[in-house]
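What follows is a short report on a single structure.
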2 protein chains.
Amino acid sequence: MENRRVVLASRPTGPVTEGNFQLEKLPIPKPADGEVLVKNLWLSLDPYMRGRMSDAKSYVKGVDIGEVMVGQTVGEVLESKNDKIKKGDKVLTQLGWQLYGCTKDVNRIDGSRAPLTYYLGVLGMPGMTAYFGLKEIGSPKPGETVVVSAASGAVGSVVGQLAKIWGCRAVGIAGGRQKCEYVTRELGFDACVDYKAGNLHRDLQAACPKGADVYFDNVGGEILDTLLRVTNLFARIVVCGMIADYSATQPYAVKNLRFVLVNRIRMQGMIVFDWKDRYGEALKALGEYFAQGKLKYRESIVEGLENAPKGLIALLSGQNFGKQLVKLA
Amino acid sequence: MENRRVVLASRPTGPVTEGNFQLEKLPIPKPADGEVLVKNLWLSLDPYMRGRMSDAKSYVKGVDIGEVMVGQTVGEVLESKNDKIKKGDKVLTQLGWQLYGCTKDVNRIDGSRAPLTYYLGVLGMPGMTAYFGLKEIGSPKPGETVVVSAASGAVGSVVGQLAKIWGCRAVGIAGGRQKCEYVTRELGFDACVDYKAGNLHRDLQAACPKGADVYFDNVGGEILDTLLRVTNLFARIVVCGMIADYSATQPYAVKNLRFVLVNRIRMQGMIVFDWKDRYGEALKALGEYFAQGKLKYRESIVEGLENAPKGLIALLSGQNFGKQLVKLA
């Protein structure tokens with residue numbers, strides 16, 4: 001029995017390639033006092049990982065060359081030197097792209113309430129990002145129009161469904177007809193705009209007949225720039241991700257920022273860690289909505305650690321569909 | 001005795017020219033019931049006027065072709081058909097670019113507390129813009145660094161002095177050595193960066209050794225884009241003006257918006273009317289600071305209504321120095 005892990009081999013310039021990663025084999029580590037040895041079952045792939053592959057200034061330190069790629073996992077405890085965790089417990093970890101690892105930093109999760117993988121998505125960081133970003137920065141009022149980009153993704157799908165639960169008109173933006181149909185028919189959004197169709201501004205106007213009051217932005221770039229043109233007075237923009245810029249060698253240049261002044265927009269960047277003292281509140285609310293059948297959710301699964309790079313590349317180019325996971329065992 | 005007024009003759013494409021205005025002579029109007037006839041003494045020139053000359057969507061309707069240019073004035077009541085105002089009262093009006101006018105919409109001002117013109121500046125809309133924008137959106141904490149552009153102007157000069165009064169490091173941005181020296185030596189800012197010197201990023205870094213926590217933006221464009229690079233975590237950007245864009249045929253394209261995400265910045269557009277129920281609070285605070293000698297203030301005066309277009313053009317290109325006024329009588 002040996003461990004395998006994926007490390008950062010080189011920093012991408014522009015789009016991520018498989019050559020930026022390297023698969024390594026090494027012995028399974030032994031837990032120190034207070035630690036547990038975890039066998040990772042599932043790895044979450046998320047857009048923020050692109051940022052960690054870069055050495056540009058960001059909100060957290062990047063991954064060093066030769067270091068294991070960061071990521072959240074769901075795993076099973078094989079051996080425990082921690083009084084609070086026992087062998088067989090299912091846990092959430094930050095062990096990253098590897099099959100086994102030792103850590104003190106685990107949270108036990110309850111597989112009887114929801115599938116284990118949901119703690120990486122709708123009941124995990126993506127769900128909480130949607131919950132706090134929309135509630136605390138978006139501040140939607142019933143009857144308002146909430147627009148969200150990457151609407152079929154792990155965060156966006158929850159944002160739009162929360163908007164509906166909270167009495168708003170929910171408008172998604174997604175790439176391609178298949179995703180848009182999923183967003184309206186399965187997730188219950190009122191409309192979804194296909195940004196690949198080539199009429200983004202006109203289509204946004206049609207989907208937001210009363211304008212946009214809240215924009216939950218997961219992508220930045222041209223979509224943000226165009227969305228600014230359909231904002232209402234006192235609109236709120238939740239800046240959650242700029243996936244359009246993550247892989248660009250030159251950042252997209254935003255031309256319509258004057259709408260921030262003209263419409264007295266509040267635009268605010270966020271990461272979910274800012275609400276870490278309130279995760280319990282979000283988990284309770286999301287868990288209840290889920291139990292009531294009000295939160296639908298879709299996963300996209302890649303098999304095997306060795307295919308994680310391919311999975312991330314697909315995610316960053318919008319080819320995935322739903323929450324992206326890697327099945328490790 | 002006849003009235004003279006300046007009307008909008010054509011909409012500018014790019015920079016404003018004198019040809020966009022026309023001087024007209026006409027009879028002095030008679031006040032209707034409830035109105036007063038005012039002889040305007042002083043006209044305020046302000047950057048927002050550029051926006052009203054355009055027919056692009058903005059927060060208020062633009063000036064129509066042939067209509068008198070908008071603007072705030074200080075005047076004297078010549079005839080009153082309003083019980084609350086009497087002949088000889090000094091009043092603040094919205095009568096615009098003309099020598100005489102009739103209106104119900106006047107506020108009496110007290111020339112014994114401060115010079116009449118100060119009600120168009122430090123104790124008027126510009127002062128209140130600085131007060132509410134900095135206090136309510138900038139939310140500066142003692143010890144933080146507050147940066148303001150157009151720092152020698154009517155709004156910017158008050159922003160920086162308030163920042164000092166409230167315990168912050170105040171850093172100005174202005175065009176040319178003369179303005180920068182005024183900002184540091186006369187107004188008491190800790191530093192002032194000359195954006196014309198050609199090293200904006202480096203000079204901002206030097207002036208903000210601990211980074212920028214609040215940026216009060218009167219100009220937008222390249223200065224905003226560069227400032228984003230020196231922001232701290234959780235910085236606040238008060239979007240008060242985009243003078244750089246007002247006269248551009250193509251808007252400046254902002255490349256560093258990713259810092260909004262990276263630093264979880266809150267960026268918010270404002271106009272002072274949003275706090276109109278609290279003008280009394282601002283007037284009281286500004287009046288006290290002024291009486292205590294803590295608020296210094298400079299005026300730039302153009303003589304005669306016929307020179308108002310030249311005055312606005314100078315203001316929009318940064319050639320003025322201090323609060324820009326037109327002396328009408």
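The figures here come from the full heavy-atom set of this structure, side chains too, leaving out hydrogens, waters and symmetry mates. Note that the structure is a prediction, hence the values are computed from the model and not measured. Throughout, a chain's letter reflects where its sequence line sits, starting with A, and its residues are numbered from 1.
Only one option out of I237(B), D217(B), V239(B) pairs with V260(A) in a side chain to side chain contact (heavy atoms under 4.5 Å, CB included); it is V239(B).
Scored by the salt bridge (Lys or Arg N to Asp or Glu O under 4.0 Å) test, E281(B) finds K135(B), R278(B) as partners (sequence neighbours excluded).
With a 4.5 angstrom heavy-atom cutoff, I265(A) touches chain B only via backbone atoms. For chain B, the nearby part of L224(A) is the side chain; its heavy atoms alone come within less than 4.5 Å.
The structure places CD of Q268(B) at 12.5 Å from CE of M267(A), a figure rounded to the nearest 0.5 Å. Considering CE of M242(B) and CG of L257(A), their distance stands at 4.5 Å, rounded to 0.5 Å.
The nearest pair of heavy atoms linking K255(B) to A253(A) is CG-CB, 3.9 Å.
Atom CD of Q205(A) is surrounded by more than 12 heavy atoms from other residues, nucleotides or ligands within 6.0 Å.
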